[in-house]
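Below: one structure, written as structure tokens.
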There are 2 protein chains.
Amino acid sequence: MDSTLTNDESNSAKLIGQRVLRPRQQVEERIRAAIFSGDLRSGERLPAEAELARQFEVSRTTVREALRSLTTQNLIDKVPGAGGGSFVRSIDHHSLGTLLQESLHNLLTLGSLGGEEVAMVRQYLEVPSTRLAAEHRTEEDLNELREIVEQQRTISVDDPNVPDLDERFHAAIARASGNRVLGSFVHALHRETEPVHYLDLSPSVGKTTVKQHQKIVKAIAERDPDAAEAAIVEHLGYLRKHLFPS
Amino acid sequence: MDSTLTNDESNSAKLIGQRVLRPRQQVEERIRAAIFSGDLRSGERLPAEAELARQFEVSRTTVREALRSLTTQNLIDKVPGAGGGSFVRSIDHHSLGTLLQESLHNLLTLGSLGGEEVAMVRQYLEVPSTRLAAEHRTEEDLNELREIVEQQRTISVDDPNVPDLDERFHAAIARASGNRVLGSFVHALHRETEPVHYLDLSPSVGKTTVKQHQKIVKAIAERDPDAAEAAIVEHLGYLRKHLFPS
DNA sequence: TTTCCGGCCGTGGTCAGACCAACTGACCCT
DNA sequence: AGGGTCAGTTGGTCTGACCACGGCCGGAAA
């Protein structure tokens, strides 16, 4: 039943043996290399799966597994239909934040990591983030911050938009810092550590929070890094006391 | 027997239509949920692909695509052979560092991110990392640090092990901090920002680096956070001057 | 007996071809 | 002109087969 020609000549005593790569792995690596080398630029469309299968001389199944892996890695997007295909995804610093957040979420829900460790790192980053924001903020950043705080001041503490506004507030500061890596990190860490806050929030805590926010914005507006640092430290310490009242 | 929960019920609009999910997506989501819910524990082996296909009433192709995606997400490992199969991968804080590093590497090679931004974030994290290390270090941590510095002191500046030793040094400090998230971050950021260092290293720079390392270890040994912070700030500033001599 | 070799066999990996599903665009009918 | 219809392109799924890998076990060799 087995009379096909075999292409394995792998028995050799010398060290000329080399690692054999699976077809899927090779295809995936080739495409990835093409992306990183610039042969395939962002937004560009790859050949159809059938065409790729012809070029690589493998089955469409193998090509699809390679593309599936690349898709999961956020390197390409696949859209069905006539005008569809596989498109090189433009990965920017924003995707880094998303990825980081997902991973953190996994670790937190699996229990192999405590929220306290994450929150601590977030605070370490938010201090320099606020300092930088005070130095580099634009008028546009300032306007956004003021608008957010204004909304926070007017709505009630049990408004469903409270968490969203708080997230936007901290994200806006991180963005104003001018460091995109910092911004992505702070944003991701914030989104993973914040939700616990607003479960039981008293009106007085909400008022104090808004006041502290105003203080931070004021320092940023005046381009005063030291005051901004002091304000954010006070704010984080206050929140910390209500989060982990150990 | 409900597996989906919707929070849109408060909205009494006639929104009956729901997103149609592809089979692969559903299978993937089910398995992921099984992992996170604890039904599948770390290291546990999933049923064979054929068996999963029967249970989900889909083809093996679909199951394989779902498993491929989960594999790429580092949620499961697949091993071929007789005793093989799909195993739930125990994801810990270490995988977070790896993931972060890969993503950073992608962004840096694609040019959509400058190394300077990454280096800056790393420095922001390494200061508290060193402070914490001075407070929480164990005798074991200390021995490792001393051994590393001793090696750095004896080898020459053009030794190929120099980058590796430096990486181990900073990683050991981050680990000694006791915060695993912080440790993973510092390690990943270090691995992505360091390589540029040792391209043109003069003997005097090497000597100074080792001296600064010794100073840091001394402060950590004496459990003196302030001295440790001062030492690491000096070290980072020195390196920065030789990295970005703007 | 002990060791080693060579199949058996379960499992993932790949292949081939077909059909289904989503979408585009041109074409036709009103 | 507007809207519906149909063909064509492309990804998504199905089917069934075979290949590659590696643990297991029985039999041969030391």
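Only a predicted model underlies this, so the values are computations on that prediction, with no experimental measurement involved. Note: hydrogens, waters and symmetry copies are ignored here, and every other heavy atom, side chains too, is used. Each chain gets a letter, A, B and so on, in the order its sequence line appears, and its residues count up from 1.
Atom pair K78(B):NZ and dA20(D):C1' shows a separation of 14 Å (rounding to whole Å applied). A straight line from CD of E65(A) to C1' of dG11(D) spans 15 Å, rounded to a whole angstrom. Remark: P of dC21(D) and CD of Q25(A) are 12 Å apart, rounded to the nearest angstrom. In this structure, CZ of R68(B) is placed 19 Å from P of dG11(D), rounded to the nearest angstrom. Across the protein-nucleic acid pair, L67(A) atom CG and dG12(D) atom P stand 9 Å apart, rounded to whole Å. To the nearest angstrom, P of dG23(D) lies 11 Å from CZ of F87(B). Between the CG atom of L21(A) and the P atom of dA20(D) there is a distance of 16 Å, rounded to whole Å. The interatomic distance linking R45(A) (CZ) with dT10(D) (C1') rounds to 7 Å, in whole Å.
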Set out, in order, the CA-CA distance, both residues' side-chain angles and the distance that settles side chain to side chain donor-acceptor pair (under 3.5 Å) for N106(A) and S103(A), then state yes or no.
CA-CA 5 Å; N106(A) 289 355; S103(A) 188; 5.6 Å; no
Please test L75(B) against I31(B) for side-chain contact (heavy atoms from CB on, under 4.5 Å), starting from the C-alpha separation and ending with a verdict.
CA-CA 10 Å; L75(B) 284 179; I31(B) 298 178; over 6 Å; no
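Along DNA chain D, the nucleotide nearest to P80(A) and the one nearest to E57(B) differ in position, and the one closer to the 5' end is contacted by P80(A). Of the residues near DNA chain C, P23(A) and A82(A), the one whose nearest nucleotide (by heavy atom distance) lies more toward the 5' end is P23(A).
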Would you give me the side-chain donor-acceptor pairs under 3.5 Å for residues 93-100 of chain A, sequence neighbours excluded?
unit_1, atom_1, unit_2, atom_2, d
S95(A), OG, D92(A), O, 2.8
T98(A), OG1, H94(A), O, 3.2

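Nucleic acid contact class of T61(A) (heavy atoms, under 4.0 Å, all strands): base. Across all strands shown, R24(B) has heavy atoms under 4.0 Å from sugar-phosphate atoms exclusively, and none from any base.
Remark: the T130(B) side chain and the E126(B) side chain contain no N/O donor-acceptor pair separated by less than 3.5 Å. For the 3.5 Å distance criterion, the side chains of Q25(A) and E29(A) fail to qualify, holding no donor opposite an acceptor. No side-chain donor-acceptor contact under 3.5 Å links N179(B) and H136(B). Under the 3.5 Å distance criterion, with hydrogens and angles disregarded, a donor-acceptor pair is assigned to the side chains of S69(A) and Q73(A).
The side chain to side chain contact (heavy atoms under 4.5 Å, CB included) test with H170(A) singles out one residue from H187(A), R175(A), R191(A), H213(A), and that residue is H213(A).
In this structure, R68(B) does not pair ionically with E65(B), as no charged nitrogen and carboxylate oxygen lie closer than 4.0 Å.
For the helix from dT1(C)-dA30(D) to dT30(C)-dA1(D), the terminal axes (five pairs an end, C1' atoms, rotation from four pairs onto the next four) enclose an angle of 10°, given to 10 degrees.
When the nucleotides dC14(D), dC21(D), dA17(D) are ranked by their closest atom to the side chain of R22(A), dC21(D) comes out on top.
Where DNA chain C meets chain B (any atom under 4.0 Å from a heavy atom), the bounding nucleotides read 5' to 3' are dG10(C) to dA22(C).
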